[in-house]
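Quick notes on the structure that follows.
First the proteins, then the strands, lettered A, B, ... as listed; each starts at 1.
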Amino acid sequence: MAILPILQFEEKILETVEHNSVVVVIGETGSGKSTQLCQILHRKGFTKSGVVAVTQPRRVAAVSVARRVAQELRVRLGEEVGYGIRFEDRTSEKTRIKYLTDGVLLRESLSDPELNNYSVIILDEAHERSLNTDILLGLMKRLVKIRPSNLKVLVTSATLDGGKVSRFFSNCPVVTVPGKLFPVEILYSSERPTSYLESSLNTALDIHVREPEGDILIFMTGQDEIEKLVLKLEEKIQRLEEGSCMDAIVLPLHGSLPPEMQVRVFSPAPQNCRRFIVATNIAETSLTVDGVVYVIDSGYVKQRQYNPSTGMYSLDVVCISRVQADQRAGRAGRTRPGKCYRLYPSTIYWEELPEVTVPEIQRSSLAGSVLYLKSLALLDVDILKFDFLDPPSRESLEDALKQLYLIDAIDENGSITQVGRTMAELPLEPSLSRTLLEANDCGCLSQALTVAAMLSAETTLLPNQSKRHEKKRKHVPLELPDGSGLGDHIQLLQIYEHWDKAGYDTSWCMDHALQVRGMMFTKDVRKQLVQIMQKITKGPLDVKRSRGRKQSQQGYKNLRRALCVGFASQLAERMIHHNGYRTIGFKAQLVQVHPSSVLKTDEDGRLPEFVVYHELVATTRPFMRNVCAIEQAWVMPILKKLNQLNVNKLSGGTNSAEITMDGQVTDLPNKDADTKANNDRDSKIQAARERYLARKTKK
DNA sequence: GAGCACTGC
């Protein structure tokens, strides 16, 4: 094996770590940082005083890198070298090097806030800025002050602005390690194409005809585009004169592809054959495709974002950042010198693309993260002043506080309640945690566990119903239960109960057009939730289906009431004259039930007067996804609570802001700056979206 | 009457 670049820096790294609590290590792809850093520290004896932890943003990475290191050290995986991911703890008493997902480390710090088990914590791939990594960065900053003598923290990253992280950690040293990438020639288009799909198609064919062998990786934004481009490529390639160029295979690659289709990209191309891989940004970081020499970059990505002022999610096509563009280009230089075709001019790269991707923490609902931080007994810390590398907007934090207050996780002063502490122990979004606790009190825990687990798996549950596939399908899927007309939560419950009755049969899933993967995940989640609930309540639980019959006879009333308590911040009231709804809360939003919902109207054609919704999504219009009928009497206490809500008090009363019921804001420091930053970002995103839509309609 | 990128506890 060739010597990895990082090993030439062993002395320097050790010396720096010796004299500093925090060190930033910048190492490009191929530097060996993920596998070697912990071994360097191990050789120096850091594993004698504790375990060396290495966090990864993804499960597969944690497992595969752990396996590699165990091989290199010639030990059995799970002994000296192990890993910990959700549902799987492969460590033992012997373990000295432990790979784990950042989410697992956060969970661990819930039971041991000082993480005393560890002598070194390495936050790997920090440049990806996952929500969990960002929270860990803040926690590490505190932790090195609490454990100055016996904890070392290393933050490693490929392209992260080392200066910024260094400043965050009181100007800690930065060690830069070169990577092992081959040079990649960048070729820009002279202008933005009217259709990047057409442009990708032509560029790819051009490469195929003119350039020597090597696979082509094409970045598109979504499944739909990928399928279109794959078809067109196949069509054009067939028309090429036989013998005029080498053979070709076209492969789609995206997240909702079944795993057996995804792994096809790992088998190399046959002799004298070029592969075209048409992928989403799953190929940017999550999956590495070997053999790629040419990259075609559209410059766009689909990104989900949360708007705290409306509580709505949207999935938008936005420009990638320069960091992302470079990451994409790097995919061409893994095995030999490559080429990257950017379907936009260099002026756009330098002047219009944002330098870095907006970190996830600034694009997500923060209820879960805020509850987590509050449960960590950070008594000296006001959540609005928690030290984030890039702080979320004040609006976003206040939105989280309001949600938490309405579901009893924090009191009117913003302090965590006993209920909130218990909620934080559950690996669920706060609304579902609250639902479980309420369900436990009113005797429908078993059902609530199922609903929570099903909703956790929701995206992997249903098959992707692209029209093309529907025609291809040989069998018409069997009909699913209808939720007794009460809504989608009830339907999810009924689906699981039927599957349970069918003995968790995989063919049952396929007959009903449900993804086996998603249903198995649901089963795992439910099992984990049962275990945690048992620990919380310190006793046997009613988690079997014994009460199901009785419950369904009375219209799942207890379950729906528990949902109402858990989703107190996600209620909507029907309009008087039609079946539109307005959300109940600070800023009422006019929304509709998503057409995929199984919620039914009564004999007069009216939908229920009150519903809870799982989420608001803005697509062509604002929709409530996953709704469940509730009763007016249950809503009343929540309305009362809403009236008493005072955001100023919730956020610790550290400023003089008052937000009144109708959303009027008076005298809010920093508010303007935050709003401006948000507006700037929103308008940029909006502009990108408009450009994209304009192109789409032209076609 | 719509349509969904990618992760994770």
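For the pair Y83(A) OH and dC9(B) P, the computed distance is 12 Å after rounding to whole Å. Residue L136(A) contributes atom CG, which lies 12 Å from atom C1' of dG8(B) at whole-angstrom precision. We find that NE2 of H254(A) is positioned 11 Å from C1' of dC4(B), with the value rounded to whole Å. If you measure from atom CD of Q327(A) to atom C1' of dC6(B), you get 14 Å, rounded to the nearest angstrom. In this structure, E88(A) atom CD and dG8(B) atom P are separated by 13 Å, rounded to whole Å. What separates CZ of F521(A) from P of dT7(B) is a distance of 12 Å, to the nearest Å. The separation between R363(A) atom CZ and dC6(B) atom C1' is 9 Å, rounded to whole Å. Rounded to whole Å, the distance from CG on L131(A) to P on dC9(B) is 13 Å.
Out of dC9(B), dA2(B), dC4(B), the shortest distance to the side chain of K302(A) is found at dC4(B). Nearest nucleotide to the P595(A) side chain, out of dC9(B), dC4(B), dG1(B): dG1(B). Across dC9(B), dA2(B), dC6(B), the shortest atom-to-atom separation from the side chain of T101(A) is found for dC9(B). When distances run from any side-chain atom of S286(A) to the nucleotides dC9(B), dA5(B), dC6(B), the shortest one goes to dC6(B). Side-chain proximity of I282(A) to the nucleotides dC6(B), dA2(B), dA5(B) is greatest for dC6(B).
Using a 4.0 Å cut-off between charged side-chain N and carboxylate O, R363(A) and D390(A) make no salt bridge.
Taking the side chain to side chain donor-acceptor pair (under 3.5 Å) definition, one finds that R264(A) meets it with nothing, sequence neighbours left out. Listed by chain and number, the residues in a side chain to side chain contact (heavy atoms under 4.5 Å, CB included) with S109(A) are L115(A), L139(A), Y372(A), L376(A) (sequence neighbours excluded). Legend: residues meeting side chain to side chain donor-acceptor pair (under 3.5 Å) with K600(A), ordered by chain and number and at least two apart, are D482(A). Evaluation of the salt bridge (Lys or Arg N to Asp or Glu O under 4.0 Å) rule for R58(A) yields E128(A) as partners, not counting sequence neighbours. Every residue two or more places apart in sequence or in another chain that forms a side chain to side chain donor-acceptor pair (under 3.5 Å) with S597(A) is listed here: D488(A).
A sub-4.0 Å separation between OP1 or OP2 of dC6(B) and a side-chain N or O of R304(A) is absent. The phosphate of dG1(B) has neither OP1 nor OP2 within less than 4.0 Å of any side-chain N or O from Q592(A).
Residue contacts shown for L426(A) are absent, as no nucleic acid heavy atom lies under 4.0 Å away. Counting non-hydrogen atoms under 4.0 angstrom, S130(A) reaches nothing in the nucleic acid.
Only P57(A), R58(A), R59(A), listed by number, bring a heavy atom of residues 53-61 of chain A to less than 4.0 angstrom from any atom of DNA chain B.
For the residue pair N132(A) and S130(A), no side-chain donor N or O sits within less than 3.5 Å of a side-chain acceptor on the partner. No hydrogens or angles considered: a donor-acceptor pair under 3.5 Å links the side chains of S256(A) and Q223(A).
Each of R621(A) and V301(A) was assigned the nucleotide of DNA chain B with the nearest heavy atom; the assignment lying further toward the 5' end belongs to R621(A).
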